[in-house]
Protein chains: 2
Amino acid sequence: MAQAGARPWARSDAKHQAIVRAAREVFLSNGYLGTNMDLIASRSGVSKQTVYTHFGSKEALFLEIVGSMTGDAGDRVHHERPELGDGDDLGAYLRAFAERQLRIVTEPELLQLRRLVIGEVGRFPELAKVLYERGPQRAIDEITAMFQRLRERGLLSCDDPAAAAEWFNWLVMAAPLNRAMMLGDAAVPDEGDLREHVAEAVRIFLAAFGPAPRS
Amino acid sequence: MAQAGARPWARSDAKHQAIVRAAREVFLSNGYLGTNMDLIASRSGVSKQTVYTHFGSKEALFLEIVGSMTGDAGDRVHHERPELGDGDDLGAYLRAFAERQLRIVTEPELLQLRRLVIGEVGRFPELAKVLYERGPQRAIDEITAMFQRLRERGLLSCDDPAAAAEWFNWLVMAAPLNRAMMLGDAAVPDEGDLREHVAEAVRIFLAAFGPAPRS
DNA sequence: GCCACACTAGACTGTCCAGTATGATGTCGT
DNA sequence: ACGACATCATACTGGACAGTCTAGTGTGGC
């Protein structure tokens, strides 16, 4: 988006990062309209003019920040995953996967990003689409690939792995995520609750899609 | 919250309603900070002063609007529900219930209310708590009561009807709701997709909690 | 030594907006 | 007819804030 050709900013990279960090904090806690560029400047220990030299406008800075955060978050979830070994337990494998995803998605910073983007759907619809694609959709795609392999090995009985992946994803995520969206970060389950929740989600999923013939 | 004692506003009730209607529209489409009191005044065909006579401040008006909308929405979902007859099909009964809930929750106005409140969690945390209680929590409580009766009749096998109710609720709601939150109202399933979605949600639920003994 | 450039502090412009003030008009009950 | 009150149009106050401007400082390369 920004003028990518001319950036002989070798020296200024530290300032650039400082602005990004400060903008992240301020936008996340105050929202787009509630954010004040003077505050970002002072929080990053930089003059206001420098902020405007690096990012042309409040809107450009906002888009940059949110865009990069959604990318980073997606990358952190996406990750080398072991294949299910021949003797391994399917339930345990799914639980480990789901616990990892859920732990990342319920990090306070990501929850707040989600709230921010949802609140700005009216003003920045593209942003929310990108967050959906790099968040839930990407997770579902990955689960789909995993389910395809499991199905070939006869460990899952589903006609449509993509649909099964979506059910799995929301079985795991929906309750904690929706509670946290509205009740605040304090409503995020602790490690024990998280494991219980995931275990039950996997049980339900396997009751409907497990290797036994479907009813 | 408002000074409830003195309101000899018989004459002014129409204006009061006009303000409420206009404020609803404007807050829903522009957000709290993006909303301008002059616009509300002109949209309701009322002078700005009158707005301030009826509602003391922007914040008070906002709280009133959002509070009343969450109440109304809850009431519309809560509703006389037939008991399951002795010869009736459990799946069909659950599907009818779920379709009704999902149709209401995915109305554009309610989706937008949800986005608004989520975006303002930082500024108005109480509002979001109230919306959660009168929305998802109230639905879950109702489903819990229903499941208790079903369990007594041997039609459901679950140790904890409240937990089962939460799973049921999110099986039905999660995918459409989360897609709609970020992808916009156009992503809401049409009537055909909605029925398919609900049918599959109920199938999954009954595979895990149906009358057959649990695995 | 000098140019180019990243940066700084702070003043300034223009605009938007919540909330108030003013002074007049209509309408009800008595 | 009169007083109480809801309402009106409009102007105003005070503060916030995006974005620009100015004038100057430090620092690297040549």
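Atom set for the values below is all heavy atoms of this structure, side chains included, hydrogens, waters and symmetry mates excluded. Throughout, a chain's letter reflects where its sequence line sits, starting with A, and its residues are numbered from 1.
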Pairs where residues 95-121 of chain A contributes a residue and the test ring-ring contact (aromatic ring centres under 6.0 Å, His included) is met, not counting sequence neighbours: none

Length of the CG-P vector between L33(B) and dT15(C), whole Å: 22 Å

Length of the CD-C1' vector between E59(A) and dC17(D), whole Å: 16 Å

Interatomic distance, L61(A) CG vs dA18(D) P [rounded to whole Å]: 11 Å

Side chain of K15(B) (C-beta onward), nearest among dG19(D), dA18(C), dT7(D): dT7(D)

Distance-only donor-acceptor check, side chains T50(B) and T53(B), under 3.5 Å: no

N30(B) CG to dC16(C) P, straight-line distance once rounded to whole Å: 15 Å

Any residue meeting salt bridge (Lys or Arg N to Asp or Glu O under 4.0 Å) with R81(A), in chain and number order, not counting sequence neighbours: E142(A)

For residues 128-139 of chain B, which side-chain N or O atoms pair as donor and acceptor with protein atoms under 3.5 Å away, sequence neighbours left out?
{"unit_1": "Q137(B)", "atom_1": "NE2", "unit_2": "D141(B)", "atom_2": "OD1", "d": "3.0"}
{"unit_1": "R138(B)", "atom_1": "NH1", "unit_2": "D75(B)", "atom_2": "OD1", "d": "3.4"}
{"unit_1": "R138(B)", "atom_1": "NH2", "unit_2": "D75(B)", "atom_2": "OD1", "d": "3.4"}

Letter per nucleotide, 5' to 3', of nucleotides 10-16 of chain D [B base touched, S only sugar-phosphate touched, - untouched; heavy atoms, 4.0 Å]: -------

Touch class at under 4.0 angstrom, heavy-atom based, for G45(B) against every strand present: sugar-phosphate

Pairwise salt bridge (charged side-chain N to carboxylate O under 4.0 Å, His left out) hits with a residue in residues 32-57 of chain B, at least two apart: E25(B)-R43(B), D38(B)-K48(B)

dT8(C) OP1/OP2 closer than 4.0 Å to side-chain N/O of T50(A): yes

Pair F209(B) + F147(B): ring centers closer than 6.0 Å: no

Closest to side chain of D38(B), choosing from dA18(C), dA18(D), dC8(D): dA18(C)

N or O in side chain of H54(B) less than 4.0 angstrom from dA6(D) OP1/OP2: no

Atom pairs and distances, donor-acceptor, side-chain atoms in residues 165-175 of chain B, under 3.5 Å, two or more places apart:
none

Comparing G56(A) and G34(A) on DNA chain D - which has the more 5′ nearest nucleotide: G34(A)

Sugar-phosphate only, base, or nothing, as touched by S42(B) at under 4.0 Å among non-hydrogen atoms: nothing

Spacing of F62(B) atom CZ relative to dA18(C) atom C1', expressed in whole Å: 16 Å

Length of the line joining Y52(B):OH and dA6(D):C1', which is rounded to integer Å: 18 Å

Nearest-angstrom distance from the residue atom CG of D13(B) to P of dC28(C): 15 Å

